[in-house]
4 protein chains.
Amino acid sequence: MKFSFKNDYSEGCHPRILESLLRYNTDQQAGYGEDEYSLKAKNIIKRKIDNKDADVYFVSGGTQANLIVISSVLKPYQCVISASIGHILNNETGAIEATGHKVLSIETEDGKVKPSDIQPVLDNHRNIPHQVMPKLVYISNSTELGTIYRKEELENLSEFCRENNMYLFMDGARLGHAITSEISDLSLKDIAKLTDIFYLGGTKNGALIGEAIIINNQSLQEDFAFNIKQKGALLAKGRLLGIQFLELMTDDLYFDLAKNANQQAMKIKKALSEKGISFLSDTFTNQIFPILNHQIIDILSEKFEFYVWKNVDENSSAVRLITSWNTSDEAVEDFIKIIDQNI
Amino acid sequence: MKFSFKNDYSEGCHPRILESLLRYNTDQQAGYGEDEYSLKAKNIIKRKIDNKDADVYFVSGGTQANLIVISSVLKPYQCVISASIGHILNNETGAIEATGHKVLSIETEDGKVKPSDIQPVLDNHRNIPHQVMPKLVYISNSTELGTIYRKEELENLSEFCRENNMYLFMDGARLGHAITSEISDLSLKDIAKLTDIFYLGGTKNGALIGEAIIINNQSLQEDFAFNIKQKGALLAKGRLLGIQFLELMTDDLYFDLAKNANQQAMKIKKALSEKGISFLSDTFTNQIFPILNHQIIDILSEKFEFYVWKNVDENSSAVRLITSWNTSDEAVEDFIKIIDQNI
Amino acid sequence: MKFSFKNDYSEGCHPRILESLLRYNTDQQAGYGEDEYSLKAKNIIKRKIDNKDADVYFVSGGTQANLIVISSVLKPYQCVISASIGHILNNETGAIEATGHKVLSIETEDGKVKPSDIQPVLDNHRNIPHQVMPKLVYISNSTELGTIYRKEELENLSEFCRENNMYLFMDGARLGHAITSEISDLSLKDIAKLTDIFYLGGTKNGALIGEAIIINNQSLQEDFAFNIKQKGALLAKGRLLGIQFLELMTDDLYFDLAKNANQQAMKIKKALSEKGISFLSDTFTNQIFPILNHQIIDILSEKFEFYVWKNVDENSSAVRLITSWNTSDEAVEDFIKIIDQNI
Amino acid sequence: MKFSFKNDYSEGCHPRILESLLRYNTDQQAGYGEDEYSLKAKNIIKRKIDNKDADVYFVSGGTQANLIVISSVLKPYQCVISASIGHILNNETGAIEATGHKVLSIETEDGKVKPSDIQPVLDNHRNIPHQVMPKLVYISNSTELGTIYRKEELENLSEFCRENNMYLFMDGARLGHAITSEISDLSLKDIAKLTDIFYLGGTKNGALIGEAIIINNQSLQEDFAFNIKQKGALLAKGRLLGIQFLELMTDDLYFDLAKNANQQAMKIKKALSEKGISFLSDTFTNQIFPILNHQIIDILSEKFEFYVWKNVDENSSAVRLITSWNTSDEAVEDFIKIIDQNI
């Protein structure tokens with residue numbers, strides 16, 4: 001059995017979550033997110049972001065979170081702007097368009113959206129009423145390329161959105177990894193202040209399922225639960241989500257798990273860097289994209305699974321390695337050993 | 001703490017499911033339903049319905065299953081017919097309409113749809129192209145009133161749909177309860193033969209989440225997975241659904257759980273009947289609707305939670321009592337004791 | 001060639017409209033409704049409703065007007081309430097649902113919606129967030145049964161909507177006929193004051209195409225043009241609509257045409273009444289629904305076209321007769337002659 | 001009053017159309033496209049494309065035609081491919097996305113789509129079911145840049161689509177101009193053979209409104225009328241469209257009008273070319289894009305209206321000049337005179 005670096009959702013969940021599910025299993029609870037675990041978990045999250053007026057909702061996965069948020073925020077003729085690498089553009093089978101909204105794509109170097117990238121899009125959408133109206137900026141943190149937003153970058157983007165009467169939405173499927181990155185200067189509180197709406201991803205950070213949508217902008221809070229129900233995302237046994245987030249938020253388990261994933265990736269990155277290997281983008285989270293020659297890729301493929309991400313030249317390709325909350329030291333060491341022996 | 005007869009999703013899940021989740025927790029598996037547990041569970045289901053050409057998909061909940069199935073089956077101008085009591089008409093926040101399709105409502109006596117109820121709807125929709133085209137019949141088994149379809153009824157309905165070039169879709173959120181009802185003469189195989197598409201509900205029968213959509217009609221199978229993904233219903237950790245259904249299908253746990261729920265309801269029904277209490281509908285599954293006077297309702301409310309369903313007259317109302325896979329003998333006996341002491 | 005009483009859109013348009021199209025034909029004008037004729041026509045309409053802050057838009061037809069208005073007013077989880085006889089429920093191929101919104105149907109005696117009909121619907125939609133939220137009341141004036149709203153009725157309905165935080169939308173495909181009915185006590189200004197949004201129908205009252213949507217409620221005005229464009233309803237040669245409404249509004253041609261249609265219908269009604277014929281509903285506009293025995297229907301059918309609307313008993317049916325702006329005295333007299341000779 | 005070269009829909013319609021509307025004005029006709037003029041016009045079109053099995057429908061405008069065709073052809077998870085300059089991408093306020101479908105954009109040199117442009121898009125959409133499925137190729141002829149498809153190009157594209165199980169749809173808002181271009185080797189019959197569905201635009205070629213959608217592929221014909229009705233595009237007085245196309249198709253008026261527009265543009269092009277002026281793209285239809293210095297642009301702007309299309313360098317910009325069926329020799333000569341005097 002090969003060890004897989006293909007993604008961060010190959011394993012089940014952190015054992016504490018299963019223990020907690022077992023502990024509370026026979027309690028009778030109200031359905032649809034009104035259970036006491038969900039209520040407690042929501043309160044902890046509100047405390048952690050220092051905003052008691054925020055609204056928190058739990059849903060199952062990232063595509064679901066994205067389509068619910070975006071379709072609830074926009075009017076029919078409004079659209080969302082995303083980096084071309086964005087998950088909503090490439091990996092969600094047109095989920096956003098299926099709710100009626102265009103996604104405008106902008107090219108970026110590193111997966112991060114800058115005001116200077118957005119301005120030309122706004123300039124090209126002034127032919128009222130013949131064009132969609134850009135109203136929401138969608139960003140991921142960490143991005144699909146493993147990069148993260150620095151505090152100043154997010155402040156600039158946030159200010160730009162406000163000035164242009166747009167909302168800012170952060171896809172946080174890997175937000176834990178972004179915040180606990182060794183180079184991060186952004187806290188969860190910062191993010192809550194600088195975005196209108198964002199989510200904390202559980203699925204890719206040790207939960208079975210679950211993303212916590214957090215609505216900071218009160219004008220977007222009204223009737224939000226209707227949207228969740230209408231899109232089929234309101235679990236009857238909401239406890240499943242509540243218990244998981246309660247456990248993840250307790251003792252900062254959520255951040256510890258992300259930190260572990262990051263650290264394992266950084267060990268591999270360091271080993272590769274020392275061998276002079278270059279990377280598609282310089283990342284400090286749980287995704288790395290080393291450029292390897294095809295022989296090395298073949299050798300590594302005998303023991304490990306990973307995606308060959310992008311052809312670079314005749315002899316080499318960038319591969320994507322993703323570590324998870326559960327990636328063991330042993331797997332990392334085995335990988336490094338092969339590197340050491342072959343480069 | 002009052003015992004709740006409000007619904008069949010108040011508790012967690014059957015302990016065997018949690019044990020199974022724990023047992024397989026650290027295995028690395030492919031995502032998005034390609035894990036080995038999902039594949040095994042699908043095969044068992046295909047064997048049980050005796051149709052190796054069926055397609056099986058797992059999704060999280062009933063509203064999600066309904067909206068995915070209906071929107072994938074219908075062309076934009078086609079619509080679905082449902083009993084007025086149908087879940088898609090009353091309890092899903094317009095989820096079907098949100099995908100662009102009208103739901104035509106027909107009045108029924110007992111929640112069950114008959115060909116003679118549908119014919120007038122077809123007759124009233126002949127003004128082409130000014131009206132929607134009825135193309136799908138949606139039924140629930142057991143129904144929202146706890147009633148079930150007999151074999152002959154389903155055969156007639158199935159034949160009527162075929163003759164009228166319509167599809168038949170069974171919402172099986174409580175299909176286990178229907179099949180294991182003491183008066184049922186319908187098997188799972190019968191249902192697979194007589195419907196074009198149906199689902200086996202897990203959420204209301206001992207799973208944490210999960211409904212198994214089964215597509216019998218091959219013309220409806222093409223590209224179905226795209227619809228699941230687009231609606232945000234494709235779990236990254238599909239194993240969560242696969243492991244649950246694998247466990248439920250093993251040793252017929254699924255049917256045993258449903259049978260237990262039914263039996264507990266039938267005990268209460270029997271006790272009430274012996275006191276001369278009448279019922280809103282004569283049910284043989286895990287939902288009963290006794291008509292009680294308001295004093296009795298008040299007394300029962302001190303120890304139990306349940307919905308007062310419908311006002312019947314000045315002095316009495318029908319209440320809805322739902323038992324679950326986990327409803328204990330003790331809870332049932334306590335309830336009956338109060339009945340005995342007060343009627 | 002039989003004379004047709006089937007509808008009020010069998011002929012072309014009033015000759016003054018064609019003359020006007022000819023007169024201005026070679027002028028170069030801005031497209032998309034920015035032509036000078038459209039601007040003038042809008043100003044006249046605003047003067048006639050005594051509301052300079054209203055917004056006016058022209059679109060081609062009724063279904064288009066209905067779907068644009070409703071989809072622009074509602075949020076995804078909100079729905080519209082209509083009389084069961086409403087055009088949006090029966091004659092628009094699910095156009096409203098295709099934009100994502102449920103239409104709740106209420107039974108009415110005469111096609112008119114009363115607060116007491118709506119209240120139970122509101123009462124039955126309190127299970128938040130599991131049900132759609134009623135937010136808009138759709139009425140037609142005149143209704144599909146030819147009946148009209150009296151001032152007091154519209155005041156009550158308007159007040160009820162405001163109290164319940166709902167909008168009121170009047171489909172005015174035959175608003176000219178309603179206002180000029182001999183029993184009407186509602187003026188165009190009243191309607192503008194009492195509704196949030198309504199339209200003045202041209203297609204059924206002497207135009208080639210065209211409905212004038214009038215938005216009185218300023219909170220519904222923002223960005224409305226985007227919705228028109230997005231639904232494919234913004235004509236490049238907006239002048240076609242502008243010139244027609246300019247002509248119709250000049251010298252009150254619009255109201256004269258409607259009055260003529262009404263009068264011709266009333267002549268037939270009077271002739272039938274004098275013969276003791278009864279009617280499905282007592283109407284004072286250009287639609288009448290006399291109940292005739294089948295022999296008479298056969299005799300009339302030799303010379304006239306009309307719809308047999310509804311079977312009443314073994315020997316008789318209600319027929320629908322519609323007169324138009326162009327129905328000649330001769331056609332009416334011929335019809336009455338046959339009545340006189342055969343009843 | 002300046003003469004406008006801004007577009008080809010500034011004037012009314014060809015006088016023969018108004019005469020024809022007048023001639024038939026008082027006839028009573030069936031509604032919704034069942035009038036005799038529509039039926040005759042459809043038959044003429046079928047003869048002209050030499051395909052009696054084609055289906056023909058008339059709608060009001062281009063955005064409407066595009067959204068109806070695309071939403072009726074695609075399943076929910078399928079998408080359409082368009083040149084980045086395509087009308088559906090830039091000028092229709094997200095009308096296609098509003099029906100639930102993504103539009104994939106491909107860069108082209110001259111507005112024309114080639115198989116080699118599409119192939120990479122197909123290659124990048126193999127991650128089933130996580131991405132939309134490309135199923136329809138949308139092209140315009142003439143394109144938004146005034147260029148046209150040569151027969152060989154359309155044959156290649158048609159074959160490529162068939163091989164890849166995709167449909168080919170031609171937006172023919174300016175199809176008359178394409179076919180009558182002096183360099184065209186494509187006939188209407190060719191187009192009908194090589195596309196699955198296309199439309200003949202009337203609005204930009206002498207009609208008041210109207211595009212004739214022609215469905216060649218019989219698998220796309222079923223129930224098409226429902227889609228037209230549902231999108232609000234079925235005119236009650238369908239005669240308005242039928243009479244116009246009847247007139248346009250008689251004596252090839254349609255093609256004569258387009259030819260005139262082309263010729264007037266070519267006169268201006270020739271005059272500019274003789275002065276050594278270059279063009280953004282080399283066009284042979286009624287749109288030309290000369291690159292002029294800003295002084296000349298200012299001088300021309302005193303007497304003419306046109307769009308400054310694109311900044312080319314510090315001193316010059318490309319402008320867009322569009323001629324119409326009604327552009328007079330006088331206007332063209334005046335324009336050329338200014339060119340002669342100033343360059």
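Remember, predicted model here, so these are calculated numbers, not experimental data.
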Which answer fits Leu89(B), side chain, backbone, both or neither, if we ask what part of it has an atom under 4.5 Å from a heavy atom of chain C?
both
Among residues 94-103 of chain B, residues within the sub-4.5 Å heavy-atom range of chain C, in order of number, are Gly94(B), Glu97(B), Ala98(B), Gly100(B), His101(B), Lys102(B)
Can you tell me if Thr93(C) uses its side chain to pair, donor with acceptor, with the backbone of Pro129(B) under 3.5 Å?
yes
Point-to-point distance, once rounded to the nearest 0.5 Å, from NE2 of His125(B) to CG of Asn90(C):
7.0 Å
Is chain C contacted by the side chain of Asn127(B), its backbone, both, or neither, given a heavy-atom distance below 4.5 Å?
side chain
Atom group of Glu92(B) that falls short of 4.5 Å from chain C, counting heavy atoms
backbone
Does Gln119(B) have more than 12 heavy atoms from other residues, nucleotides or ligands lying within 6.0 Å of its CD?
yes
For residues 304-319 of chain B, give me every residue with a non-hydrogen atom less than 4.5 Å from any non-hydrogen atom of chain C.
none
